[in-house]
Amino acid sequence: MESISELRDICHNTKAYKSHNRLSRLYFKVSIYFTSLFLRLGMTANQVTVLSGIVAIISAFFLSASSIYLVLVGVLLLNFSSILDHSDGEVARYHKSITITGHFLDWYMHYVISSATFIGLAFGALSINSNMYMILFSILAIVTPIMDYAIISSGWTVICWTRIQELKLG
């Protein structure tokens, strides 16, 4: 098994990695350790993608809690989900197994993660104050990411975008 330094060379030596923002670069510094673990466990990139979604859904339950400590656990789990989201791409790049199915699953998992996060936050806000304005804003908070991803992340968009990327890379 390669060292962490060698894994970084394999998994981070792409144009996409170099164009990420500072927060993503921070996540990449941490995600490589999880990537190493997932490779040792024999997990596929798609399995890591699903794991990131499961962690985000669990974080939504914590985000809806009335205890500040449980909400903080939810925030930490949501960040861990983002780290796993970076790790799934690293696993795919390591195995050179970047596929349309993987892109499709990754994009839809982003949809699930955003929706779960806002649903958890909305239920948490409603448990504190359930007046008419809070109900309206909660509905808007839940519907906005769903509509956004329904338009942007439609299946054909993901499939076409992935195919174009494959053609560009040869």
Side-chain angles (χ1 to χ4, degrees), residues 1-63 69-121 145-146 148-150 152-170:
M1 184 73 200
E2 290 85 355
S3 69
I4 295 297
S5 176
E6 292 168 330
L7 277 178
R8 278 196 178 105
D9 289 340
I10 295 167
C11 300
H12 294 173
N13 195 13
T14 65
K15 189 190 320 182
Y17 168 74
K18 294 171 185 165
S19 68
H20 277 92
N21 60 36
R22 288 185 181 147
L23 181 59
S24 286
R25 286 179 183 257
L26 175 65
Y27 286 149
F28 275 123
K29 287 180 190 277
V30 176
S31 68
I32 198 72
Y33 294 99
F34 290 99
T35 300
S36 176
L37 173 67
F38 298 140
L39 291 172
R40 290 175 201 269
L41 293 173
M43 292 179 70
T44 66
N46 291 346
Q47 289 170 330
V48 177
T49 301
V50 171
L51 180 62
S52 76
I54 291 169
V55 170
I57 291 169
I58 293 168
S59 80
F61 285 105
F62 284 98
L63 291 173
Y69 300 110
L70 292 177
V71 171
L72 288 174
V73 170
V75 169
L76 291 173
L77 285 172
L78 189 59
N79 280 284
F80 182 57
S81 174
S82 293
I83 290 168
L84 294 178
D85 183 40
H86 285 71
S87 189
D88 66 359
E90 293 170 347
V91 171
R93 283 187 291 278
Y94 178 84
H95 288 299
K96 295 181 175 88
S97 62
I98 298 170
T99 64
I100 290 176
T101 304
H103 275 292
F104 187 80
L105 183 62
D106 189 57
W107 277 59
Y108 272 100
M109 204 52 63
H110 290 171
Y111 166 79
V112 168
I113 291 167
S114 295
S115 299
T117 301
F118 281 104
I119 289 169
L121 290 172
I146 292 171
D148 180 42
Y149 277 98
I152 295 172
S153 299
S154 69
W156 288 111
T157 303
V158 176
I159 292 168
C160 292
W161 180 82
T162 303
R163 185 65 183 133
I164 290 168
Q165 291 294 356
E166 288 176 349
L167 290 172
K168 281 184 182 177
L169 298 175

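Quick caveat, the model's predicted, so the values are computed rather than measured. Sequence positions, counted from 1, serve as the residue numbers for this chain.
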> Can you list the residues that meet the side chain to side chain contact (heavy atoms under 4.5 Å, CB included) rule with Leu37, with sequence neighbours excluded?
Replying inline: Leu41
> With sequence neighbours excluded, what pairs up with Ala60 under the side chain to side chain contact (heavy atoms under 4.5 Å, CB included) test?
Replying inline: Ala116
> Taking the six-membered ring for Trp, are Tyr108 and Tyr111 parallel (under 30°), tilted (30 to 60°) or perpendicular (over 60°)?
Replying inline: perpendicular
> Is any side-chain heavy atom of Leu78 closer than 4.5 Å to a side-chain heavy atom of Ile113?
Replying inline: yes
>> For the CZ atom of Phe80 and the CG atom of Leu51, what is their distance to the nearest 0.5 Å?
In response: 6.5 Å
> Who are the side chain to side chain donor-acceptor pair (under 3.5 Å) partners of Thr35, not counting sequence neighbours?
Replying inline: Ser87, Glu90
> Does atom CZ of Phe61 have more than 12 heavy-atom neighbours, drawn from other residues, nucleotides or ligands, at distances under 6.0 Å?
Replying inline: no
> Distance from Leu26 atom CG to His86 atom NE2, nearest 0.5 Å?
Replying inline: 9.0 Å
> In Å, rounded to the nearest 0.5 Å, how long is the span from CG of Leu7 to CD1 of Ile32?
Replying inline: 5.0 Å
>> Tell me every residue that passes ring-ring contact (aromatic ring centres under 6.0 Å, His included) with Phe118, counting only those two or more places apart in sequence or in another chain.
In response: none
>> Using the rule given for side-chain contact (heavy atoms from CB on, under 4.5 Å), can you reason through Val91 versus Leu39, listing the C-alpha separation, both sets of side-chain angles and the distance that settles it, and then say yes or no?
In response: CA-CA 7 Å; Val91 171; Leu39 291 172; 4.2 Å; yes
> side chain to side chain contact (heavy atoms under 4.5 Å, CB included) with Ser82: which residues, sequence neighbours excluded?
Replying inline: Tyr27
>> Donor-acceptor check, side chain of Arg8 to backbone of Ser3, threshold 3.5 angstrom: yes or no?
In response: no
>> Tell me the closest heavy-atom pair linking Gly53 and Met109, and the distance in Å.
In response: CA-SD, 3.4 Å
>> Working to the nearest 0.5 angstrom, can you tell me the gap between Leu63 CG and Leu72 CG?
In response: 9.5 Å
>> So, taking the atom named NZ in Lys29 and the one named CD1 in Ile83, what distance separates them when rounded to the nearest 0.5 Å?
In response: 13.0 Å
> Where is the tightest heavy-atom contact between Phe62 and Leu70, given as atom of each residue plus distance?
Replying inline: CB-O, 3.3 Å
>> Run the side chain to side chain contact (heavy atoms under 4.5 Å, CB included) test against Asp85 and tell me which residues pass, sequence neighbours left out.
In response: Asp88, Asp106, His110
> Okay, side chain of Ser52, backbone of Thr49: is any donor-acceptor separation there less than 3.5 Å?
Replying inline: yes
>> Any side-chain to backbone donor/acceptor pair from Ser81 onto Leu77? Under 3.5 Å, distance only.
In response: no
